[in-house]
Amino acid sequence: MPELPEVEVLRRQLRRALGDARLADMRIYERRLRFPLSEGFADTALTRDRRGTPRLEDIRRRGKYLLFHLSGGRVLLCHLGMSGQLLLEDSSQLEPRRHCHEHLAFLFRRRDRRGGSRTRTVRLGFRDTRRFGFWDIARADELSEHPRLRGLGMEPFDAGFGGSFLVGAFAGRRVSVKSALLDQRIVAGVGNIYASEALFRARISPMVCAGDLTARRCGRLAAGIVSVLEDAIAAGGSTRRDYVHSDGGGGYFQHRWSVYGREGEPCPGCRCRLAETGGIQKSLQSGRSTFYCPARQRR
DNA sequence: AATTAAACCTGGCGGC
DNA sequence: TGCCGCCAGGTTTAAT
């Protein structure tokens, strides 16, 4: 799925394209997502305020969630799951796109860039082959208490995130550090790809117990998380199979993965030592694959 | 309480 | 070629 960098790239694209558009209309083609779409989703989303249809005030991100803030204090929450996509088109057609697992479509109207009173209609389609993604609607003033957001941990780009935060968060934890990184209640937004990549950058074995990490290693890990997420955002995210940008294009960071998906390849940090190190290894940790270099990433 | 496994879905790939 | 099992960027729920 899209992890933090992919969601962030999408957020920036959508905000640029939609600006302060108004949500003019929407359709639901499939309610059975990872969690069934709530009864009043469309009606609540489309409720007009004094000036007309709801205005898009901002698009924010929390962990892997996209948050569409609408006027009138409503927020649309979107999680892309494993295969969710949000695609923009210049179109005013709400008919579903066939044979592409489109489940929702929104029409936004915004002022034409050339100014004047002309408006432009933009269609935003939500596609999700596996239907692990989901949407919900919440009141803005209750957003932090929403069941799906309430338990989320620290944002990696928050000022408070760093080695000492990880020391505290990992204290007493007997799970592996790799599993701890996937726990959204600790750090929000890191998924299976960037967990492996961050551990590689920090030169830490994914099998180490989170609670056993020294402060020094927690500092390296925090730096590795931030740097890999920043680099991935700058490269437009990673496109492996399902993730695409809002224009259908893809990111480039998959070409810069050091370990993920590179089983048997030479470690980029131990060049020319393939025979000694055995190259990148793959293992399973609580059902998810982990990639690492056993020579460079010590216990 | 803490960890792990199963469940939710569809599609693509390698092996036979 | 066709069928089958396995795997895939996630989260929640049930079971150990």
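To find a chain, count down the sequence lines: A is the first, B the second, and so on, and within it residues start at 1.
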Can you tell me how far P in B:dA1 sits from the matching atom in C:dT11, rounded to whole Å? 24 Å

Tell me: CZ of A:Arg148 to P of C:dT11, nearest whole Å? 11 Å

Measure up the A:Phe165 and A:Phe161 rings against each other and bin them: parallel (under 30°), tilted (30 to 60°), perpendicular (over 60°). tilted

N/O (side chain, A:Arg288) to phosphate O (OP1/OP2, C:dG10) under 4.0 Å: yes

Whole-Å distance, A:Phe35 CZ to B:dC9 P, equals 12 Å

Closest nucleotide of DNA chain B for A:Ser179 versus for A:Thr129: which of these residues is on the 5' side? A:Ser179

Derivation and outcome, ring pair (Phe, Tyr, Trp, His ring centres under 6.0 Å), residues A:Trp135 and A:Phe68: CA-CA 11 Å; A:Trp135 291 71; A:Phe68 296 82; 5.8 Å; yes

Take the protein atom CG of A:Asp136 and the nucleotide atom P of C:dG10, then report the distance between them rounded to whole Å. 21 Å

Using a 4.0 Å heavy-atom cut-off across all strands, classify A:Arg32 as base, sugar-phosphate, or nothing. nothing

Could you check how far CD of A:Gln184 sits from C1' of C:dT12, rounded to whole Å? 13 Å

Any donor and acceptor pair, going by atom type alone, linking the side chain of A:Arg131 with main-chain N or O of A:Arg32 inside 3.5 Å? yes

Name the one of A:Tyr243, A:Trp257, A:Tyr252 that satisfies side chain to side chain donor-acceptor pair (under 3.5 Å) with A:Ser238? A:Trp257

Any side-chain to backbone donor/acceptor pair from A:Glu197 onto A:Val259? Under 3.5 Å, distance only. yes

Pairwise 5' ranking along DNA chain C for A:Pro147 and A:Arg130, keeping only the more 5' one: A:Arg130

Check: A:Pro206 main-chain N/O paired with A:Gln297 side-chain donor or acceptor under 3.5 Å: no

Report yes if at least one side-chain N or O of A:Arg131 is closer than 4.0 Å to OP1 or OP2 of B:dT10; otherwise report no. yes

Can you give me the dot-bracket string for DNA chain B, 5' to 3', counting Watson-Crick and G-U wobble pairs with both distances under 3.5 Å, using [ ] for crossing pairs and | for partners on another strand? .|||||||.|||||||

B:dA6 to C:dC6 separation - P atoms, rounded to the nearest Å: 13 Å

Rounding to an integer number of Å, can you tell me how far A:Arg174 CZ sits from B:dT3 P? 8 Å

Just checking A:Ser238: base, sugar-phosphate only, or nothing, at a heavy-atom cut-off of under 4.0 Å? base

Answer yes or no: is there a donor N or O on one side and an acceptor on the other, between the side chain of A:Gln85 and the main chain of A:Asp128, under 3.5 Å? no

Tell me the interatomic distance from A:Arg241, atom CZ, to C:dC7, atom P, rounded to whole angstroms. 12 Å

Whole angstrom is fine here: how far is it from CG in A:Asp242 over to C1' in C:dC7? 13 Å

Stacking between A:Phe132 and B:dC8, defined as ring centres under 5.5 angstrom apart with planes under 30°, is that present or not? yes

Would you mind reading off the distance between A:Gln85 atom CD and C:dG10 atom P, rounded to a whole angstrom? 16 Å

A:His101 side chain N/O closer than 4.0 Å to the phosphate oxygens (OP1, OP2) of B:dT10? no

Taking only N and O in the side chain of A:Ser83, is any of them less than 4.0 Å away from OP1 or OP2 of C:dA8? no

Let's see if you can work this out: which of C:dA8, C:dT12, B:dT10 has an atom nearest to the side-chain heavy atoms of A:Met82? C:dA8

For side chain to side chain donor-acceptor pair (under 3.5 Å), just list the numbers for A:Thr290 and A:Ser283, CA-CA rounded to whole Å, side-chain angles, deciding distance to a tenth of an Å, and then say yes or no. CA-CA 5 Å; A:Thr290 299; A:Ser283 75; 4.7 Å; no

